[in-house]
Amino acid sequence: MSRVVVFGTGPIAELAHFYLTHDSPHDVVGFTVDEDYMREPTFRELPVVPFETLEDTHAAGDVSLFLPISFKQMNHVRADRVATAKAKGYELISYVSTYATTFPGFACGENCFILEDNTIQPFVQVGSDVILWSGNHIGHHSIIEDHVMVTSQVVISGGCTIEPHCFLGVNATIRDETVIGRETLVGAGVTILHDTEPYSVYKAKDAQPAGFRSDQIRAISHKSGG
Ligand SMILES: CC(C)(COP(=O)(O)OP(=O)(O)OC[C@H]1O[C@@H](n2cnc3c(N)ncnc32)[C@H](O)[C@@H]1OP(=O)(O)O)[C@@H](O)C(=O)NCCC(=O)NCCS
């Protein structure tokens with residue numbers, strides 16, 4: 001068990017505290033935020049201290065850090081705080097849900113946040129500072145590099161490479177053996193069939209309203225009872 005300070009006091013930090021408390025050997029002992037974001041001295045009944053002076057109250061030898069920061073600025077905000085934490089000498093933990101499916105030989109780098117119902121097939125490699133929100137399929141022999149956000153219900157088929165700083169939106173689908181170039185933004189519901197250029201953005205077509213009201217619909221189902 002290690003004593004852990006969590007970065008943030010927003011909903012993701014609150015979730016991290018919940019998951020670490022209920023589903024990990026770690027003991028959350030406090031929270032840290034950028035000084036400009038200091039609002040309350042406590043959160044979840046634990047101390048909140050400025051990140052800039054964290055070492056004054058929580059020395060690197062006494063605690064580990066976990067930085068479950070969002071995908072803001074294509075994961076650069078999180079990567080930046082991770083770099084600062086490491087420069088201060090802190091060890092970073094990773095959380096892999098016991099409700100995720102992994103196989104012998106699976107390992108990930110530091111500061112990964114891997115939630116329930118991810119299916120991570122054999123021979124997948126996951127780098128550092130990767131968030132796999134709930135319910136993704138990560139196909140065999142795929143490589144997810146550092147500082148990546150995979151949201152939910154994303155299908156990464158076998159043998160893909162997801163380069164650093166990518167964002168994969170909900171329900172995105174990546175064809176097998178595809179390289180998603182550095183910092184690609186794959187929007188919600190997008191299907192990618194070919195390698196992507198670095199820094200590219202893919203946006204799905206939005207469904208359009210059918211032009212009649214739901215209380216005027218003749219039948220939802222073709223079969224009786226619809
Ligand atoms: C791809 C996606 C991001 C596009 O979003 P959108 O709102 O439909 O697209 P918009 O064209 O309105 O642009 C989005 C942003 O890019 C900016 N933008 C658009 N075109 C731009 C351009 N040519 N240059 C620079 N910025 C541009 C817009 O200003 C907007 O920023 P703002 O919100 O600060 O105003 C969105 O469809 C998507 O899939 N998001 C992921 C959703 C998701 O998976 N969420 C799960 C989170 S857990």
Side-chain angles (χ1 to χ4, degrees), residues 6-20 22-24 31 33-34 36-37 66-82 94-97 99-101 108-109 111-120 124 126-139 142-157 160-176 178-210:
V6 171
F7 189 104
T9 52
I12 304 183
E14 188 171 32
L15 273 171
H17 171 262
F18 182 92
Y19 283 118
L20 291 174
H22 295 286
D23 185 40
S24 93
F31 294 88
V33 293
D34 290 341
D36 288 349
Y37 288 82
F66 189 47
L67 301 96
I69 301 169
S70 82
F71 45 81
K72 242 185 237 161
Q73 294 170 21
M74 294 301 287
N75 304 293
H76 278 286
V77 172
R78 192 172 72 257
D80 178 77
R81 301 306 184 278
V82 163
S94 281
Y95 166 77
V96 180
S97 170
Y99 301 96
T101 301
C108 62
N111 205 53
C112 289
F113 195 20
I114 299 179
L115 301 190
E116 64 274 9
D117 296 331
N118 278 286
T119 297
I120 303 175
V124 165
V126 175
S128 291
D129 193 32
V130 168
I131 299 178
L132 303 181
W133 210 256
S134 54
N136 302 293
H137 167 89
I138 317 294
S142 284
I143 300 170
I144 301 182
E145 298 186 352
D146 299 344
H147 315 301
V148 164
M149 170 85 199
V150 181
T151 56
S152 285
Q153 304 292 340
V154 173
V155 175
I156 298 175
S157 308
C160 292
T161 298
I162 315 297
E163 292 188 350
H165 287 280
C166 286
F167 171 94
L168 308 188
V170 290
N171 270 307
T173 297
I174 315 295
R175 177 192 193 169
D176 48 298
T178 303
V179 178
I180 304 299
R182 184 186 179 86
E183 232 157 298
T184 297
L185 192 170
V186 179
V190 167
T191 298
I192 297 284
L193 301 178
H194 299 99
D195 295 355
T196 71
E197 292 294 323
Y199 301 94
S200 50
V201 176
Y202 291 83
K203 189 172 158 174
K205 284 211 164 42
D206 215 352
Q208 296 304 308

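We count ligands from 1, going down the list as the structure has it; atoms in each ligand are counted the same way. For this chain, numbers begin at 1 and follow the sequence in order.
- Within the 4.0 angstrom cut-off, atom 13 (O) of ligand 1 has no protein heavy-atom neighbours.
- In this structure, the side chain of S94 engages the main chain of G109 through a donor-acceptor pair within 3.5 Å.
- Of the protein's heavy atoms, at least one falls inside 4.0 Å of atom 10 (P) of ligand 1.
- Protein heavy atom in closest approach to atom 45 (N) of ligand 1: F167 CZ, 4.3 Å.
- In terms of heavy-atom proximity, I144 sits nearest to I156 at CD1-CD1, 4.1 Å.
- If you check which protein heavy atom lies closest to atom 48 (S) of ligand 1, you get T151 CG2, 3.9 Å.
- In terms of protein heavy-atom proximity, atom 40 (N) of ligand 1 is closest to A188 N, 4.3 Å.
- By the definition of a contact as any protein heavy atom under 4.0 Å away, atom 1 (C) of ligand 1 is in contact.
- The two atoms that bring T184 and E197 nearest to each other are OG1-O, 3.4 Å, heavy atoms only.
- Listed for the T196 side chain is no donor-acceptor partner under 3.5 Å among the backbone atoms of I180.
- Heavy-atom contacts of G169 reach the following atoms of ligand 1: 44 (O) (cutoff under 4.0 Å).
- Taking the six-membered ring for Trp and thresholds of 30 and 60 degrees, F66 and F113 have ring planes more than 60 degrees apart, a perpendicular arrangement.
- Distance remark: protein heavy atom not present below 4.0 angstrom from atom 33 (O) of ligand 1.
- The closest non-hydrogen atom to atom 8 (O) of ligand 1, taken over K205, Q153, K203, M149, comes from K203.
- For the residue pair N75 and H165, no side-chain donor N or O sits within less than 3.5 Å of a side-chain acceptor on the partner.
- Residue-ligand proximity: Y202 is placed with a non-hydrogen atom under 4.0 Å from ligand 1.
- Nearest heavy-atom pair, A188 versus A204, reported as atom, atom and distance to 0.1 Å: O-CB, 3.2 Å.
- What sits closest to atom 3 (C) of ligand 1 on the protein, heavy atoms only, is L185 CD2, 4.1 Å.
- Residue-ligand proximity, G187 to ligand 1, at heavy-atom distances under 4.0 Å covers atoms 1 (C), 38 (C), 39 (O).
- A side-chain contact (heavy atoms from CB on, under 4.5 Å) with C108 is found for exactly one of V126, V124, L132, namely V126.
- No side-chain donor-acceptor contact under 3.5 Å links T178 to the backbone of C160.
- Distance remark: protein heavy atom not present below 4.0 angstrom from atom 36 (C) of ligand 1.
- The presence of a protein heavy atom under 4.0 Å from atom 28 (C) of ligand 1 is ruled out.
- Of the N or O atoms in V170, one or more lie within a sub-3.5 Å distance of an N or O in ligand 1.
- Between the side chain of R78 and the main chain of S70, a donor-acceptor pair closer than 3.5 Å is present.
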